[in-house]
Asks: 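Sharing a structure with you now.
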Amino acid sequence: MEGGAYGAGKAGGAFDPYTLVRQPHTILRVVSWLFSIVVFGSIVNEGYLNSVSEEEEFCIYNRNPNACSYGVTVGVLAFLTCLLYLALDVYFPQISSVKDRKKAVLSDIGVSAWEMRS
């Protein structure tokens, strides 16, 4: 791949799925997407229990419904964020403006920093 603005080749090039799949950040995004499904799915399916003596379901995390809600929220936001940036990875080679590429890269860095902080 020839050098270009912000780590991409020349804008307007042909879409190459093989190159996209081989990029480390794409692999990590797919793995993160799968983990977000696991987090969301496990809390939704097994995070709430129904006690025989009580009518209402309760969260297994210290009987605190906020803990399960937080886990579900994090899982859903991670799922949507991974999908958004996977779509951006597919579209990125077609972005011709250096300013738009810079915004895409900086938003990726900003979201990643925000997620690391949480």
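One is the number of the first residue; the rest follow in order along the sequence.
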Asks: With a 4.5 Å limit on heavy-atom distance, are the side chains of Tyr61 and Asn66 in contact?
Replies: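 A side-chain contact is absent here, since even the closest heavy-atom pair is not under 4.5 Å.
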Asks: Give a yes or no answer on whether the side chain of Asn62 reaches the backbone of Asn64 with a donor-acceptor pair at less than 3.5 Å.
Replies: no
Asks: Are any non-hydrogen side-chain atoms of Leu86 and Thr26 less than 4.5 angstrom apart?
Replies: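 In short, these two side chains touch, coming nearer than 4.5 Å.
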Asks: Between CD of Gln23 and CG of Asp89, what distance do you get to the nearest 0.5 Å?
Replies: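 Interatomic distance, Gln23 CD to Asp89 CG, rounded to 0.5 Å: 6.5 Å.
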Asks: For Ser112, which residues count as a side-chain contact (heavy atoms from CB on, under 4.5 Å) partner, sequence neighbours excluded?
Replies: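 Ser112 satisfies side-chain contact (heavy atoms from CB on, under 4.5 Å) with Asp108 only.
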Asks: Rounded to the nearest 0.5 Å, how far apart are CG of Leu83 and CZ of Arg29?
Replies: 11.5 Å
Asks: Is there a side chain to side chain contact (heavy atoms under 4.5 Å, CB included) between Leu84 and Leu88? Walk through the geometry before answering.
Replies: CA-CA 6 Å; Leu84 172 76; Leu88 184 64; 5.8 Å; no
Asks: Only distances under 3.5 Å count here; give the side-chain donor-acceptor pairs of residues 31-40 to other protein atoms, sequence neighbours excluded, each with its distance to 0.1 Å.
Replies:
unit_1 : atom_1 : unit_2 : atom_2 : d
Ser32  : OG     : Leu28  : O      : 2.9
Ser36  : OG     : Trp33  : O      : 2.6

Asks: Are Val21 and Phe92 connected, step by step, through hydrophobic side chains (Ile, Leu, Val, Met, Phe, Trp, Tyr) whose heavy atoms are closer than 4.5 Å?
Replies: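 Different clusters.
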Asks: Using atom types as modelled, flag every donor-acceptor pair under 3.5 Å from a side chain in residues 75-82 to any protein atom, sequence neighbours excluded.
Replies:
unit_1 : atom_1 : unit_2 : atom_2 : d
Thr81  : OG1    : Leu77  : O      : 2.7

